Number of protein chains: 2
Amino acid sequence: MASQTRQSQRRRQVLSRERIVEAAIELLDTTGESALTVRMLTERLSTGSGAIYHHVGTMNDLLEAASDTVIANALAVPPAADTPEDEIRAVALALFDAATEHPWLAAQLAAQITRNPWGSVTLRIFESFGRPMRALGVPQPDWFTTTSTLVHYFIGATTQGPHDGGKPERAEFLDTAFEAWQNLDPDDYPFITTIAAQMRDHDDRRQFLTGIDLVLKGIVARVDHAA
Amino acid sequence: MASQTRQSQRRRQVLSRERIVEAAIELLDTTGESALTVRMLTERLSTGSGAIYHHVGTMNDLLEAASDTVIANALAVPPAADTPEDEIRAVALALFDAATEHPWLAAQLAAQITRNPWGSVTLRIFESFGRPMRALGVPQPDWFTTTSTLVHYFIGATTQGPHDGGKPERAEFLDTAFEAWQNLDPDDYPFITTIAAQMRDHDDRRQFLTGIDLVLKGIVARVDHAA
DNA sequence: ACCTGAACACCGTTCAAGT
DNA sequence: ACCTGAACACCGTTCAAGT
């Protein structure tokens with residue numbers, strides 16, 4: 001908002017919860033999840049550990065705040081879309097891309113939601129998926145159920161989605177997994193072994209979108225059947 | 001040596017990876033996730049920490065083994081079902097009930113899958129959902145995609161599903177969440193505030209099954225459309 | 001109020017040493 | 001091979017003390 005914070009003064013920049021969360025996100029982005037420790041944070045912000053706890057409560061709170069901030073940013077710009085389906089797709093993609101940009105987000109989302117299923121993180125996601133849901137033709141008593149399903153799919157897909165490393169590492173990883181699957185005993189795993197080839201050249205983002213469409217189709221089919 | 005083992009049968013029972021995993025699951029079930037430490041384990045098994053590491057590798061391996069064991073047990077008995085839809089529902093319920101019985105499972109599932117998306121845990125789940133998928137009329141090139149969607153939904157729903165505490169605590173928890181949602185600003189959260197009431201008397205298990213049905217409906221609708 | 005930093009009670013993991 | 005248990009390098013968190 002105001003750009004007054006960018007002063008030439010380099011001595012101290014006043015500690016605040018916001019600044020701590022910001023530093024935490026940066027640390028997570030650059031050095032990975034295991035690098036976010038109180039000591040690292042004190043070093044980066046050149047303070048003592050007590051100062052952190054004066055603003056932030058607990059380490060888990062900080063992690064939650066970091067997740068919440070990233071999610072909020074990803075959902076900040078409401079997507080302009082022609083149809084409710086398109087809006088849902090846009091929301092889903094915005095969140096998916098946030099998880100790609102911040103490799104630590106998926107694990108945190110899962111952890112945070114398991115710890116507090118109806119906390120602010122879920123709240124934000126629920127609202128964003130639910131808003132277009134109203135225009136989809138679903139009768140109001142079913143809004144909760146259908147939106148839940150959509151949100152749950154998103155959570156699951158993100159958890160398993162791309163995380164550490166860039167694109168080439170991901171491809172290499174998929175190749176390794178593919179090989180492992182293909183070499184399983186067909187008697188024990190008749191499905192996996194026949195399907196293994198399909199996972200070799202699969203695109204996470206594309207797969208994710210297809211899944212969203214599939215759930216949407218299920219929701220609409222339900223509406224049509226009720227009508 | 002052989003004569004020495006015979007002296008007192010009650011003391012030592014030979015340590016093994018299996019026994020360690022078993023003790024870990026018991027510890028997780030009875031005292032919660034944070035109680036599973038190497039020291040606790042050594043105490044329970046009356047050994048030294050080195051003995052644990054001689055059999056188990058790392059703490060995360062142990063957690064993965066515990067999750068894998070529980071999942072494998074839950075899927076051990078292949079369900080007799082009349083239709084592929086029913087079989088998928090049975091698999092889903094078996095896993096859901098396992099997560100209810102072992103409150104730590106959901107978090108571990110999410111963590112384990114984020115760490116290694118195509119590890120043995122995912123493998124087992126994928127195979128179980130995928131097997132009946134073949135009889136659903138989905139063309140083979142789509143098997144991977146449709147099964148992925150189903151698995152992802154399951155993961156997400158379980159992550160957010162019931163975890164700590166028994167039924168009464170869960171109900172109390174839902175009530176608190178409901179109240180919080182209802183008291184939000186309708187301008188900021190128009191969707192949440194209108195559906196808050198629906199979450200008050202909602203049944204996790206029922207909701208889960210409805211979600212599975214919804215995804216199934218999407219999959220079948222896709223088949224019908226292609227035909 | 002805001003911050004410092006030593007101290008506390010833990011962790012997971014290692015490794016020389018025993019049997 | 002299998003196990004012991006002290007030691008190591010960390011954690012998150014607290015708290016008397018400073019400004």
Side-chain angles (χ1 to χ4, degrees), chain A residues 5 7 9-28 31-67 104 107-108 111-112 114-116, chain B residues 1-28 31-67 104 107-108 111-112 114-116:
Chain A
T5 37
Q7 301 167 351
Q9 185 141 8
R10 63 208 296 278
R11 183 82 182 87
R12 183 173 310 291
Q13 214 185 336
V14 202
L15 206 54
S16 69
R17 189 186 151 91
E18 229 176 47
R19 249 179 71 71
I20 295 173
V21 171
E22 188 188 328
I25 292 176
E26 201 184 304
L27 214 47
L28 287 165
T31 4
E33 197 178 343
S34 62
L36 182 65
T37 65
V38 176
R39 278 159 184 83
M40 269 285 193
L41 224 39
T42 59
E43 195 179 319
R44 185 86 88 157
L45 295 165
S46 53
T47 49
S49 59
I52 306 276
Y53 283 94
H54 188 264
H55 289 279
V56 137
T58 176
M59 195 58 190
N60 188 53
D61 290 350
L62 181 55
L63 251 353
E64 180 164 8
S67 304
W104 48 274
Q108 272 309 308
Q112 233 56 64
T114 312
R115 208 159 291 155
N116 182 11
Chain B
M1 222 179 197
S3 54
Q4 242 185 358
T5 30
R6 200 169 282 275
Q7 53 172 17
S8 166
Q9 39 97 307
R10 72 165 184 87
R11 252 294 159 248
R12 182 151 317 291
Q13 212 185 332
V14 201
L15 205 55
S16 69
R17 188 186 151 93
E18 228 177 47
R19 249 179 73 70
I20 295 174
V21 171
E22 188 189 327
I25 292 175
E26 201 185 304
L27 214 48
L28 286 164
T31 5
E33 196 177 344
S34 63
L36 183 66
T37 64
V38 175
R39 277 159 185 82
M40 269 285 195
L41 224 39
T42 60
E43 195 179 319
R44 185 85 88 158
L45 295 165
S46 54
T47 47
S49 58
I52 306 276
Y53 283 94
H54 187 265
H55 289 280
V56 136
T58 176
M59 194 58 190
N60 187 53
D61 289 351
L62 181 55
L63 252 351
E64 182 165 5
S67 305
W104 49 273
Q108 271 311 306
Q112 233 56 64
T114 312
R115 208 158 291 156
N116 183 10

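Here the structure is a predicted model, which is why all the values come from computation and not from measurement. Quick note on labels: first sequence line is chain A, next is B, and so on, each numbered from 1.
- Residues B:T47 and B:L41 fail the side-chain proximity criterion, which asks for heavy atoms closer than 4.5 Å.
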According to the Watson-Crick and G-U wobble definition with distances under 3.5 Å, which dot-bracket string, read 5' to 3', encodes DNA chain C, using [ ] for crossing pairs and | for pairs with another strand? ||.|||||...|||||.||
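- Straight-line distance from the CD1 atom of A:I20 to the P atom of D:dT13: 13 Å, rounded to whole Å.
- Side-chain atoms of B:S49 and base atoms of C:dT14 include a donor and an acceptor less than 3.5 Å apart.
- Between the side chain of B:S16 and the backbone N or O of B:R19, at least one donor-acceptor pair lies under 3.5 Å.
- Between C:dT13 and B:T58, a contact under 4.0 Å exists linking OP1 or OP2 to a side-chain N or O.
- For the pair A:D61 CG and D:dG12 P, the computed distance is 14 Å after rounding to whole Å.
- Between A:A51 and A:V38, the one whose closest nucleotide on DNA chain D sits nearer the 5' end is A:V38.
- Distance OH (B:Y53) to P (C:dC11): 12 Å, rounded to an integer number of Å.
- Taking the side chain as every heavy atom from C-beta outward, A:I25 and A:W104 approach each other to under 4.5 Å.
- The CG atom of B:L45 sits 16 Å away from the P atom of D:dC2 (whole-angstrom rounding).
- Spacing between atom CG of B:L36 and atom C1' of C:dT13 amounts to 15 Å, rounded to whole angstrom units.
- Across the protein-nucleic acid pair, B:E33 atom CD and C:dC11 atom C1' stand 15 Å apart, rounded to whole Å.
- Ranking C:dC2, C:dG12, C:dT4 by closeness to the B:R39 side chain, first place goes to C:dG12.
- The shortest side-chain heavy-atom distance between A:T37 and A:M40 falls under the 4.5 Å cut-off.
- B:L62 comes within 4.0 angstrom of no nucleic acid atom, judged by non-hydrogen atoms across all strands.
- For A:T47, whose side chain is taken as the heavy atoms from C-beta onward, the closest listed nucleotide among C:dG12, C:dT4, C:dC3 is C:dT4.
- Note on A:L41: nothing from the nucleic acid sits closer than 4.0 angstrom, heavy atoms only.
- The closest side-chain heavy-atom distance from A:N60 to A:Q112 is below 4.5 Å.
- Here the side chain of A:L15 is nearest to one of D:dT4, C:dT13, C:dC3, namely C:dC3.
- Checking the phosphate oxygens (OP1, OP2) of D:dT4, no side-chain nitrogen or oxygen of B:H54 falls inside 4.0 Å.
- Taking the side chain as every heavy atom from C-beta outward, A:E18 and A:H55 never approach each other to under 4.5 Å.
- In this structure, B:T42 contributes its side chain and B:R39 its backbone to a donor-acceptor pair below 3.5 Å.
- Taking 4.0 angstrom as the limit, A:H55 places a side-chain polar atom (N or O) nearer than this to OP1 or OP2 of C:dC3.
- The distance between atom CE of B:M40 and atom P of C:dG12, rounded to the nearest whole Å, is 11 Å.
- What separates CD1 of B:I52 from C1' of C:dC15 is a distance of 16 Å, to the nearest Å.
- Side-chain contact between A:V38 and A:Y53 is present, with heavy atoms from C-beta onward closer than 4.5 Å.
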